[in-house]
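One structure is given below, encoded as structure tokens.
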There are 4 protein chains.
Amino acid sequence: MMPPGNQGESETGRLEAFSDGVLAVIITIMALELKAPVEGTFRSLRERLPALLIYILSFTLIGIWWNNHHHLLRAARRVTAGVMWANLHLLFWLSLIPVLTEWIGEHYQEHAPAATYGFVCVGAAAAFTILVRAIIRADGSTSPVAAAIGRDDKGRISLVIYAAATALAFVSPYISYALFVVVAVIWFVPDRRFTNL
Amino acid sequence: MMPPGNQGESETGRLEAFSDGVLAVIITIMALELKAPVEGTFRSLRERLPALLIYILSFTLIGIWWNNHHHLLRAARRVTAGVMWANLHLLFWLSLIPVLTEWIGEHYQEHAPAATYGFVCVGAAAAFTILVRAIIRADGSTSPVAAAIGRDDKGRISLVIYAAATALAFVSPYISYALFVVVAVIWFVPDRRFTNL
Amino acid sequence: MMPPGNQGESETGRLEAFSDGVLAVIITIMALELKAPVEGTFRSLRERLPALLIYILSFTLIGIWWNNHHHLLRAARRVTAGVMWANLHLLFWLSLIPVLTEWIGEHYQEHAPAATYGFVCVGAAAAFTILVRAIIRADGSTSPVAAAIGRDDKGRISLVIYAAATALAFVSPYISYALFVVVAVIWFVPDRRFTNL
Amino acid sequence: MMPPGNQGESETGRLEAFSDGVLAVIITIMALELKAPVEGTFRSLRERLPALLIYILSFTLIGIWWNNHHHLLRAARRVTAGVMWANLHLLFWLSLIPVLTEWIGEHYQEHAPAATYGFVCVGAAAAFTILVRAIIRADGSTSPVAAAIGRDDKGRISLVIYAAATALAFVSPYISYALFVVVAVIWFVPDRRFTNL
């Protein structure tokens with residue numbers, strides 16, 4: 001009854017809305033886990049500085065995910081069962097970021113929180129790749145996503161960096177933090193592949 | 001003034017948006033209740049493993065509810081008072097999942113949390129059936145929902161399994177957990193009844 | 001550039017979306033404040049029963065507000081500054097419900113929590129009336145809201161009952177709880193004034 | 001395939017939806033950080049009064065940001081990478097408001113929380129200005145935003161007041177609170193520049 005284009009719009013619409021809702025809550029709930037300093041002093045605020053820095057990192061990474069997700073779903077046309085589950089799978093990994101952000105904020109000198117954070121980022125990066133493939137499978141080989149994504153170099157590079165960050169956390173967590181920042185810088189400029197669609 | 005189809009779209013639109021909002025918060029808030037490990041060690045992380053596993057289960061079940069809800073409301077055309085309340089009734093049961101997930105995460109060897117979780121799933125499954133009927137009543141016998149849903153075998157089967165999980169929690173909570181996983185597997189492939197609409 | 005009707009749709013659209021977001025978070029966050037029972041036993045669950053009952057009441061009342069708000073904004077055509085602030089004013093009062101629900105859940109035999117809850121409901125009811133007037137002022141005397149709302153008997157009656165519940169909390173909080181249930185029953189059937197628009 | 005106007009609508013649509021989601025969670029989560037009074041008495045409620053007053057202030061300021069953001073994005077036509085990041089940057093500063101609101105609520109007589117709150121407001125005001133410029137750059141000099149915003153006196157004035165509030169918190173935090181209220185009053189009447197678009 002509705003024209004196909006409109007149907008497609010509506011099809012991806014609710015998936016985007018739900019994902020946006022989840023990402024909006026994730027990004028805001030991290031701020032909630034930034035506990036208020038115990039004392040009303042700058043000294044007490046300074047003790048929260050590592051937690052604030054890791055919060056800024058996580059906020060940026062979630063922002064990047066949202067950004068890429070936004071561009072990916074704009075280029076998608078059909079929502080199949082596979083796309084839905086691939087999307088939920090991505091949201092699952094991202095939903096673990098706030099509690100890990102809190103964990104690192106409290107134990108930023110330790111190996112385990114940094115390594116776990118890296119592992120979850122590997123999971124999210126892999127889930128994003130799976131989502132891209134699910135969308136291409138749903139839309140067919142003429143999909144604008146298939147045409148645009150090409151070899152997905154950025155995705156592969158960041159997956160490698162996240163894996164390195166996970167392993168190198170056992171040498172020093174600070175190496176991991178530096179690598180997370182590198183990924184943030186790489187993705188900061190959003191994907192030209194999709195922007196021009 | 002607007003064409004009737006558009007009107008219908010707008011009618012279910014806000015109901016979907018509100019439901020999506022609630023479900024997005026529910027699914028994300030469970031992650032918040034995953035407390036950060038006390039120590040910065042893998043040993044401390046491992047102590048959170050049961051809580052993580054039940055979180056994955058709840059995340060999957062809420063994902064299934066969202067998925068089915070999504071397909072159901074896409075097929076719905078009219079929002080009456082009955083539909084609204086039936087929808088809120090479903091959301092009520094689902095809103096209890098996060099606190100029960102936290103409870104099981106802390107007491108997974110006990111009978112009471114598993115049985116209560118099963119009972120709330122029975123409530124949600126019954127509420128979903130009521131919502132389906134409310135939509136069919138609102139749309140009339142020519143409703144695509146009525147045509148598509150047929151005998152709702154999956155819904156009936158999962159209601160029975162949830163009831164069994166509730167009862168068998170008194171034998172062993174692990175039987176209940178296994179049955180919840182069975183329901184997840186049954187629903188994992190989304191409902192073909194609606195997908196082709 | 002867009003047709004006026006569409007413009008109006010878009011105009012109320014984001015106000016609805018923001019309000020839905022706030023109400024969705026309010027209704028879900030109350031569930032988060034339902035603390036998990038301390039022990040893994042039914043005895044421990046039973047201690048949470050008063051908190052659960054007041055949660056059900058608050059969930060129902062917020063559901064009623066959302067319902068009426070939904071119907072009101074569907075009938076609204078223009079969003080002025082006055083409408084926006086009247087809407088935020090309503091959301092402000094409703095945003096206090098979760099913390100009061102938690103307070104009553106812990107001190108349900110006391111006067112103060114019940115009286116404060118009643119007072120906040122009076123505030124929300126007054127804010128809803130102000131919002132109705134702001135919308136009529138924005139849309140003009142030919143507004144469907146103006147035509148539909150007539151004398152707003154239900155709104156007046158519930159305002160009176162909330163005020164009574166506030167005062168009678170000092171006699172017994174249980175009288176207040178009974179009166180809140182009466183309001184819920186009155187509003188349960190959504191407003192016929194708007195439903196037929 | 002879609003007409004350009006519609007495309008633009010859809011382009012800003014998801015940015016608005018995500019921002020609304022974040023702002024809705026921010027505004028509601030502040031209410032969650034309003035802790036329930038310890039005792040079930042009015043005396044215990046009165047101890048929460050400073051926290052309630054700062055909550056009302058933050059609620060009003062976030063409401064103003066949402067309001068201005070709403071009008072700004074209605075006037076925007078294109079979403080570029082720069083616009084997206086400028087928007088996330090604004091949301092970052094606003095996401096710090098809830099934890100600072102909690103901090104002030106507990107230490108309202110101290111200098112540090114009031115100064116930090118002022119500093120974050122400066123950051124948010126600067127971020128809003130950057131967002132305005134990013135939108136004008138994206139839309140070109142014929143942008144309705146460029147035409148409407150003129151010299152942005154209100155934005156400049158509030159930036160100055162926020163900076164003053166940050167500095168004067170070291171004299172007395174109460175001066176800061178008074179200045180925050182002044183900003184709220186200035187912005188309370190929404191921006192006529194955009195309202196008439």
Side-chain angles (χ1 to χ4, degrees), chain A residues 3-6 8-9 12-13 16-46 48 51-52 55-56 58-60 62-64 66-71 73-74 77 144 187-192 194-197, chain D residues 1-3 6-7 9-11 13-30 32-33 51 78-85 87-89 91-116 119 169-170 173:
Chain A
N6 202 346
E9 175 69 20
T12 61
E16 288 187 37
F18 180 71
S19 307
D20 280 358
V22 170
L23 290 169
V25 178
I26 286 176
I27 217 164
T28 330
I29 255 173
M30 283 194 300
L32 181 69
E33 294 188 337
L34 272 183
K35 295 184 189 72
V38 180
E39 305 281 314
T41 61
F42 285 110
R43 178 194 299 266
S44 192
L45 179 65
R46 204 159 50 226
R48 290 284 188 267
L52 181 65
Y55 170 67
I56 292 174
S58 289
F59 190 99
T60 309
I62 297 282
I64 289 167
W66 176 73
N67 219 329
N68 288 324
H69 188 265
H70 172 84
H71 285 115
L73 264 84
R74 272 180 71 82
R77 290 180 305 200
W187 281 103
F188 198 74
V189 179
D191 216 311
R192 274 159 212 283
F194 294 115
T195 312
N196 298 328
L197 287 179
Chain D
M1 232 170 285
M2 282 194 288
N6 203 346
Q7 180 76 16
E9 174 69 19
S10 145
E11 229 182 278
R14 196 174 168 194
L15 197 68
E16 288 186 38
F18 180 71
S19 307
D20 281 358
V22 171
L23 290 170
V25 179
I26 286 175
I27 217 164
T28 330
I29 255 172
M30 283 195 300
L32 182 68
E33 294 189 335
R78 291 195 60 228
V79 174
T80 60
V83 170
M84 276 208 179
W85 286 109
N87 190 58
L88 268 175
H89 178 229
L91 294 178
F92 168 74
W93 289 104
L94 297 180
S95 78
L96 298 176
I97 298 282
V99 69
L100 292 179
T101 301
E102 187 188 0
W103 198 27
I104 293 187
E106 286 163 9
H107 302 279
Y108 61 95
Q109 315 100 319
E110 310 271 355
H111 304 309
T116 310
F119 179 78
F170 295 95

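Order of the sequence lines fixes the chain letters, A, B, ..., with proteins taken first and strands second; residue numbering starts at 1 for each chain.
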For the [atom1] atom of [X] and the [atom2] atom of [Y], what is their distance to the nearest 0.5 Å?
X	Y	atom1	atom2	value
A:Thr60	D:Trp85	OG1	CH2	6.5 Å
D:Phe18	A:His69	CZ	NE2	11.0 Å
D:Thr116	A:Phe42	OG1	CZ	4.5 Å

Note: vs chain D, highest number of non-hydrogen pairs under 4.5 angstrom among A:Ala36, A:Pro37, A:Ser19 is A:Pro37
Tell me which of these, A:Ile26, A:Val38, A:Ile29, has more heavy-atom pairs under 4.5 Å with chain D than the rest. A:Val38
Structural part of A:Leu73 lying under 4.5 Å from a heavy atom of chain D: side chain
Under 4.5 Å heavy-atom distance to chain D, tell me which part of A:Ile64 shows up: side chain, backbone, both or neither. both
Which atoms form the tightest heavy-atom contact between [X] and [Y], and what is the distance?
X	Y	answer
A:Thr41	D:Trp103	O-CZ2, 3.6 Å
D:Leu96	A:Leu52	CD2-CD1, 4.1 Å
D:Ala112	A:Gly40	CB-O, 3.4 Å
A:Ala24	D:Gly21	CB-C, 3.7 Å
A:Ala31	D:Ser95	CB-O, 3.2 Å

With chain A, which of D:Ile97, D:Leu88, D:Thr101, D:Asp20 has the greatest number of heavy-atom pairs at distances under 4.5 Å? D:Leu88
From the list D:Gln109, D:His111, D:Glu110, the residue making the most non-hydrogen contacts under 4.5 Å with chain A is D:Glu110
So does A:Phe59 have more than 12 non-hydrogen atoms from other groups sitting under 6.0 Å from CZ? yes
As a quick check of understanding, evaluate side-chain contact (heavy atoms from CB on, under 4.5 Å) for D:Phe92 and A:Ile27, giving each step before the final call. CA-CA 9 Å; D:Phe92 168 74; A:Ile27 217 164; over 6 Å; no
